[in-house]
Protein chains: 2
Amino acid sequence: MARIDDIDKQILDVLIENTRTPFTDIAKRLNISAGTVHVRVKKMEESGIIKGSSLTVDYEQLGYTFIAYIGVFLEKTSQTQFVISRIKEIPFVTVAHITTGKFNIFCKIRAQDTTHAKKIIFMLDDIDGVSRTETMISLEESINDKKRLLHKVFQDL
Amino acid sequence: MARIDDIDKQILDVLIENTRTPFTDIAKRLNISAGTVHVRVKKMEESGIIKGSSLTVDYEQLGYTFIAYIGVFLEKTSQTQFVISRIKEIPFVTVAHITTGKFNIFCKIRAQDTTHAKKIIFMLDDIDGVSRTETMISLEESINDKKRLLHKVFQDL
DNA sequence: GGTGAAACTTCTAATAA
DNA sequence: TTATTAGAAGTTTCACC
């Protein structure tokens, strides 16, 4: 586990909430200099704790209103890596995990509508080695918050 | 669906890749002025297409090596909102959806280890109205890329 | 390690096209 | 709508604690 102190955690907390918070603002809040914030962020970037930054976009407004989770059953687990490599070619699959339990592979897809989703699911079903899939359609995204983790956790640890 | 043109999409593309890309850089790439980039970003913020920005953090390095998906079965679907509100109190649940299909609610958790995960799962099981849960442990996060969506999709549309 | 100030870069808003 | 521009704001470096 990476060595980061309480100040680093507080900096991360602020930046996870909003990447564009000026270092001068963070410095004021934490009673340190902007230079210090700069140096610490740079170190966390170098050590890989900070991997990058991304915009949070409203996909619904862009026409992507459909979210589903899809469990994938394989004929043999030895085909896992091959199937994963094929799944990577489908852009609308935004998350995929190799899992224990019911399914061999577990995916999340984001699509425009049910017609679009159907095409994606058929593409998954068509991959060699996939025996069948099971779809769970999201009726409501009730929680989606990476931020939850850090805020709380850093208090608990 | 929001009205955004090709230039807006290209700006989003760059910023999704790296929120801190200077507007002057984006301007050069797209052969427009930095002022234009500024105005367009501001409009997309106002219209809500851009919801915010977040750091991408390496949770493994911070000691969170355990990811699992948990399907929740309810005694009655009328308890859904109550159960969701209780799940929101557990910080390690980073995603939750109300779903059709096998499960009533579907969660993603991130924990430090199996002991920590056990506590979270027991908390979920203990919520009034939850009849049982089914856990799928992630052995490997093979795909996790919101960027995939925009890049490709914008070409297809 | 951290600071504070200088030098440099980027952002923003107003004006003009 | 877009471009230009000048002043404000933010970032980065560095000599010095």
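Please read all numbers here as calculations on a predicted model, not as lab measurements. We name chains A, B, ... by the order of the sequence lines, and we start the count at 1 in each one.
- Membership of an apolar cluster is not assigned to B/Val39, as no side-chain contact below 4.5 Å to another ILVMFWY residue is traced.
- The 5' end of DNA chain C is approached more closely, in terms of each residue's nearest nucleotide, by A/Ser33 than by the other of B/Arg20 and A/Ser33.
- Residue-level contact check: A/Thr24 touches the bases, meaning some heavy atom is under 4.0 Å from a base atom.
- Contact check, A/Lys42 against D/dT11: no side-chain N or O comes under 4.0 Å of OP1 or OP2.
- Relative orientation of the A/Phe23 and A/His38 rings is tilted, given thresholds of 30° and 60° on the angle between their planes.
- In this structure, B/Glu46 atom CD and C/dA13 atom C1' are separated by 13 Å, rounded to whole Å.
- Whole-Å rounding puts the A/Phe23 CZ to D/dT13 C1' distance at 14 Å.
- Residues A/Leu62 and B/Ile4 have side chains in contact (heavy-atom distance under 4.5 Å, counting atoms from C-beta outward).
- Proximity of A/Gln79 to A/Asp128: side-chain heavy atoms (C-beta onward) are nowhere separated by under 4.5 Å.
- Tested against A/Val41 for a side-chain contact (heavy atoms from CB on, under 4.5 Å), the candidates A/Leu15, A/Thr36, A/Ile26, A/Ile49 yield a single pass: A/Leu15.
- Atom pair A/His38:NE2 and D/dC14:P shows a separation of 11 Å (rounding to whole Å applied).
- As rounded to whole Å, 13 Å separates atom P of D/dT11 from atom CD1 of A/Ile32.
- To the nearest angstrom, P of D/dT2 lies 6 Å from CD1 of B/Ile7.
- Here D/dT1 presents its P atom at 16 Å from CG of B/Asp6, a figure rounded to the nearest Å.
- Ring-plane geometry between A/Phe106 and A/Tyr69 is classed as parallel, the angle between the planes falling under 30 degrees on a 0 to 90 degree scale with a further cut at 60.
- Side-chain atoms of B/Thr99 and A/Ile137, non-hydrogen and from C-beta on, never get closer than 4.5 Å to each other.
- Rounded to an integer number of Å, the gap from A/Glu45 CD to D/dT12 C1' is 13 Å.
- In this structure, A/Lys28 places its NZ atom 10 Å from P of D/dA9, rounding to the nearest Å.
- B/Arg40 has no side-chain polar atom (N or O) that falls below the 4.0 Å cut-off from OP1 or OP2 of D/dT1.
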For nucleotides 14-16 of chain C, print each protein N/O atom paired with a nucleotide N/O atom at under 3.5 Å, atom names and distance only.
none

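- When each of C/dT3, D/dG10, C/dA13 is scored by its nearest atom to the side-chain atoms of A/Thr36, the top-ranked nucleotide is C/dT3.
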